[in-house]
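What follows is one structure encoded as C-alpha cells, with my remarks underneath.
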Amino acid sequence: MKISLSPLGLGCAQLGNLYHAIADETAEGTVRQAWDEGIRYFDTAPHYGLGLSERRLGAALSAYPRADFVVSTKVGRVLEPDPGGASRTDSQGFVVPAAYKRRWDFSRDGILRSLEDSLDRLGLDRVDVVYVHDPDEHFEDTVDGAFPALLELRDQGVVDAIGAGMNQAPMLSEFVRRFDLDVILLAGRYTLLDQPALDDLLPLCTERGVDVVVGGAFNAGILATASPGTMYDYAEAPAELVERAQRIAEVCERHGVELPQAALGLPAAHPAVVSVVVGAHDPGQVRLNAERFRRPVPRELWTDLIRAGLLREDTVLRQEDRP
C-alpha cells in the first residue's frame with residue numbers, strides 16, 4: 001500500500017537522548033516545532049533510548065488528530081527488563097539508564113511482540129510503517145521470519161506499509177528483489193559524500209515502485225554545518241574525507257548555498273526518494289533544518305559538482321532539478 005509521507009520527516013533518535021540527555025519538555029517542543037514546520041512523518045524505534053523515543057513521541061503526538069500524521073517504528077530488537085542495569089548508563093549511545101536490554105529477534109513471535117510493545121509505548125492502536133531494523137547479521141532470519149510476518153500483518157490491515165531500515169545498500173537491494181516491499185529507509189548511503197545506492201538500490205526501487213526514505217543526510221555530522229565537521233558515520237572522519245567535504249562546501253558557496261542545504265537537497269532531488277528524515281535535539285534545530293530544506297538549490301550546483309569530480313556522473317535528478 002502506498003502511503004503519503006511529508007517530504008521532510010523528523011527522525012526521533014534524539015528524543016531517546018542520543019549522545020546527550022534532553023528534558024521531556026524539550027522533546028515535546030521538538031515535535032511541536034516539527035508540526036508547525038509542516039512535518040507530518042515521524043520515525044522512531046525501540047532501540048532509540050530503550051523505548052524512551054517512542055514514549056516521548058507518542059505523548060507529543062497525542063495533541064494532534066491521528067489521521068493527520070504518519071508514524072514508522074522498527075522491529076528486530078526486543079526490549080527486556082534488566083533490573084541489574086538500572087544503575088548503569090546505556091552503552092549504545094543513549095544517555096538513559098540501562099534498565100532494559102536489547103535482544104535481537106527476527107522471528108515471527110519476536111516481530112509480533114516488538115510491535116505490540118511499541119504500540120504500548122507510543123500509546124497508539126496502530127503504526128503506519130514498520131521497518132526491519134539493521135538486520136545486517138541476520139539475513140536468513142529476516143527472510144524466513146521477519147518479512148513473512150510483516151507481509152501477513154499488512155495483508156490483515158494491521159499496518160499500512162512495510163520495509164527495512166539499514167545503513168547499507170546491498171542487503172536492502174536483495175530484500176527489494178525478494179519481497180513486495182512498500183518503502184525502505186536508507187541511512188547515510190545516498191549523501192553528498194557517499195552514493196553507493198546509485199549502483200543498484202535506487203534504480204531497483206525506481207523500477208519496482210518502492211518508495212525511498214533517506215536518513216543520515218549529514219553523515220552523522222560532517223555535512224551538518226557550513227564548514228565541514230569532523231565526524232563521519234559516528235567516527236572521526238579521515239582527513240581526505242574532510243578535505244573532500246571542504247571542496248564541496250567551496251562549490252556550494254559559489255552558488256550561495258550552505259553545505260547542509262545541499263546535503264538535504266541532493267537526496268530530495270532523486271525521483272525515488274519520497275522523504276528525507278532529519279533528527280533534532282531541540283526546536284531550534286528543527287526550525288533550521290526546515291528552513292534549509294525549503295531553500296531551492298540552483299540546478300547548476302549539481303552540474304558543477306559533477307564536473308569537479310565531487311559528485312557521481314550518474315546522479316539522477318527529478319526533471320525539475322535537472323540543469
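Any value given below was found using the heavy atoms of this structure, including those in side chains, with hydrogens, waters and symmetry copies removed. Numbers for residues simply follow the sequence, beginning at 1.
- Counting heavy atoms from C-beta outward, L201 and I184 have side chains that approach closer than 4.5 Å.
- The two atoms that bring T73 and A45 nearest to each other are OG1-CA, 3.5 Å, heavy atoms only.
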Test salt bridge (Lys or Arg N to Asp or Glu O under 4.0 Å) on D304 and R299 and set out the steps. CA-CA 9 Å; D304 284 355; R299 296 176 298 172; over 6 Å; no

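- Rounding to the nearest 0.5 angstrom, the gap separating the CG atom in D105 from the CG atom in D141 is 8.5 Å.
- The residues D134 and R77 are annotated as salt-bridged, a charged nitrogen and a carboxylate oxygen being separated by less than 4.0 angstrom.
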Decide yes or no on side-chain contact (heavy atoms from CB on, under 4.5 Å) for H270 and L317, but give the supporting numbers first. CA-CA 5 Å; H270 194 286; L317 303 172; over 6 Å; no

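- Side-chain rings of F175 and F147 approach one another, their centers coming within less than 6.0 Å.
- Side-chain contact between V127 and S118: absent, with no pair of heavy atoms (C-beta onward) separated by less than 4.5 Å.
- Side-chain atoms of S107 and D109 form no donor-acceptor pair, as typed in the model, at a separation below 3.5 Å.
- Looking at R102 and D82, no side-chain N of the basic residue comes within less than 4.0 Å of a carboxylate O on the acidic one, giving no salt bridge.
- For V274, the side chain to side chain contact (heavy atoms under 4.5 Å, CB included) criterion is met by L5, D211, V213, not counting sequence neighbours.
- L15 and L79 end up in different hydrophobic clusters when Ile, Leu, Val, Met, Phe, Trp and Tyr side chains are linked at under 4.5 Å.
- Between the side chain of S114 and the backbone N or O of G110, no donor-acceptor pair lies under 3.5 Å.
- Side-chain contact, Y41 with S72: a donor N or O sits under 3.5 Å from an acceptor N or O.
- The heavy-atom pair separating P135 from T142 by the smallest distance is CB-OG1, 3.2 Å.
- When all heavy atoms of F293 and A268 are compared, the closest pair comes out as CE1-CB, 3.9 Å.
- V242 has its side chain out of reach of Q246: every pair of non-hydrogen atoms, C-beta onward, lies at least 4.5 Å apart.
- S53 and T44 form a side-chain donor-acceptor contact under 3.5 Å, judged by distance and modelled atom types alone.
- Considering OG of S6 and CH2 of W35, their distance stands at 9.5 Å, rounded to 0.5 Å.
- Between Q168 atom CD and S173 atom OG the span is 9.0 Å, to the nearest 0.5 Å.
- In this structure D120 satisfies the side chain to side chain contact (heavy atoms under 4.5 Å, CB included) test with no other residue, sequence neighbours excluded.
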R254/E250 under salt bridge (Lys or Arg N to Asp or Glu O under 4.0 Å): CA gap, chis, key distance, verdict: CA-CA 6 Å; R254 292 201 295 271; E250 290 168 0; 5.5 Å; no

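- Residue E236 holds its CD atom at 11.0 Å from CG of L241, rounded to the nearest 0.5 Å.
- With hydrogens and angles left out, the side-chain atoms of T315 and Q195 include no donor and acceptor closer than 3.5 Å.
- Of all heavy-atom pairs between V158 and R126, the closest is O-CB, 4.1 Å.
- Atom CZ of F139 has more than 12 heavy atoms from other residues, nucleotides or ligands within 6.0 Å.
- Side-chain contact between L153 and I162 is absent, with no heavy-atom pair separated by less than 4.5 Å.
- With contacts defined as side-chain heavy-atom distances shorter than 4.5 Å, the pair M166/L186 does not qualify.
- When side chains are defined from C-beta on, R88 does not count as touching P97, because their heavy atoms never get closer than 4.5 Å.
- In this structure, E80 pairs ionically with R113, as a charged nitrogen and a carboxylate oxygen lie closer than 4.0 Å.
- A salt bridge links D43 with K74; the closest basic N to acidic carboxylate O contact falls under 4.0 Å.
- Here the side chains of L61 and F69 are in contact, with some heavy-atom distance below 4.5 Å.
- The line from CG of L8 to CD1 of I39 is 4.0 Å long, rounded to the nearest 0.5 Å.
- Taking every heavy atom of both residues into account, G76 and F106 meet most closely at CA-CE2, 3.6 Å.
- No side-chain heavy atom of V95 sits under 4.5 Å from any side-chain heavy atom of D90.
- Of the candidates V212, L266, V316, V212 is the only one forming a side chain to side chain contact (heavy atoms under 4.5 Å, CB included) with V273.
- Not counting sequence neighbours, R55 has no partner by the side-chain hydrogen bond (donor to acceptor under 3.5 Å, both in side chains) test.
- Heavy atoms of other residues, nucleotides or ligands lying less than 6.0 angstrom from CD of E137 number 12 at most.
- At a threshold of 4.5 Å between side-chain heavy atoms, the hydrophobic network of Ile, Leu, Val, Met, Phe, Trp and Tyr places L115 and L151 in one connected group.
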Could you please spell out the steps behind the side-chain contact (heavy atoms from CB on, under 4.5 Å) verdict for T230 and I222? CA-CA 5 Å; T230 58; I222 190 171; over 6 Å; no

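- With sequence neighbours excluded, the residues satisfying side chain to side chain contact (heavy atoms under 4.5 Å, CB included) with D194 are R189, T191, P196, Y232.
- When all heavy atoms of R154 and D180 are compared, the pair lying nearest together is NH1-O, 2.8 Å.
- Atom-to-atom distance recorded for T30:OG1 and I22:CD1 is 5.0 Å, nearest 0.5 angstrom.
- Using a cut-off of 4.0 Å between Lys/Arg side-chain N and Asp/Glu carboxylate O, R66 and D128 are scored as salt-bridged.
- Contacts classified as side-chain hydrogen bond (donor to acceptor under 3.5 Å, both in side chains) and involving residues 7-20 (residues at least two apart or in different chains) are given here: N17-R56.
- Among pairs with a residue in residues 271-288, those fulfilling side-chain hydrogen bond (donor to acceptor under 3.5 Å, both in side chains) read Q33-R287, at least two apart in sequence or across chains.
- Tracing side-chain contacts under 4.5 Å through hydrophobic residues (I, L, V, M, F, W, Y), one never reaches V132 starting from Y48; they form parts of separate clusters.
- Both V278 and V297 are assigned to one and the same hydrophobic cluster, defined by single-linkage of ILVMFWY side chains at heavy-atom distances under 4.5 Å.
- Formation of a donor-acceptor pair under 3.5 Å by the R247 side chain with backbone atoms of L310 is not found in this model.
- Cluster annotation: V143 is connected to I111 through the hydrophobic network of ILVMFWY side chains, with a link wherever side-chain heavy atoms come within less than 4.5 Å.
- For CD of Q156, the number of neighbouring non-hydrogen atoms (other residues, nucleotides, ligands) closer than 6.0 Å is greater than 12.
- In this structure, E291 places its CD atom where more than 12 heavy-atom neighbours from other residues, nucleotides or ligands lie under 6.0 Å away.
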Might you work through the side-chain contact (heavy atoms from CB on, under 4.5 Å) test for V31 and L57, ending with a clear yes or no? CA-CA 7 Å; V31 175; L57 178 62; 4.0 Å; yes

Does the side-chain contact (heavy atoms from CB on, under 4.5 Å) test come out yes or no for I248 and L305, once each step is laid out? CA-CA 7 Å; I248 294 173; L305 288 173; 4.1 Å; yes

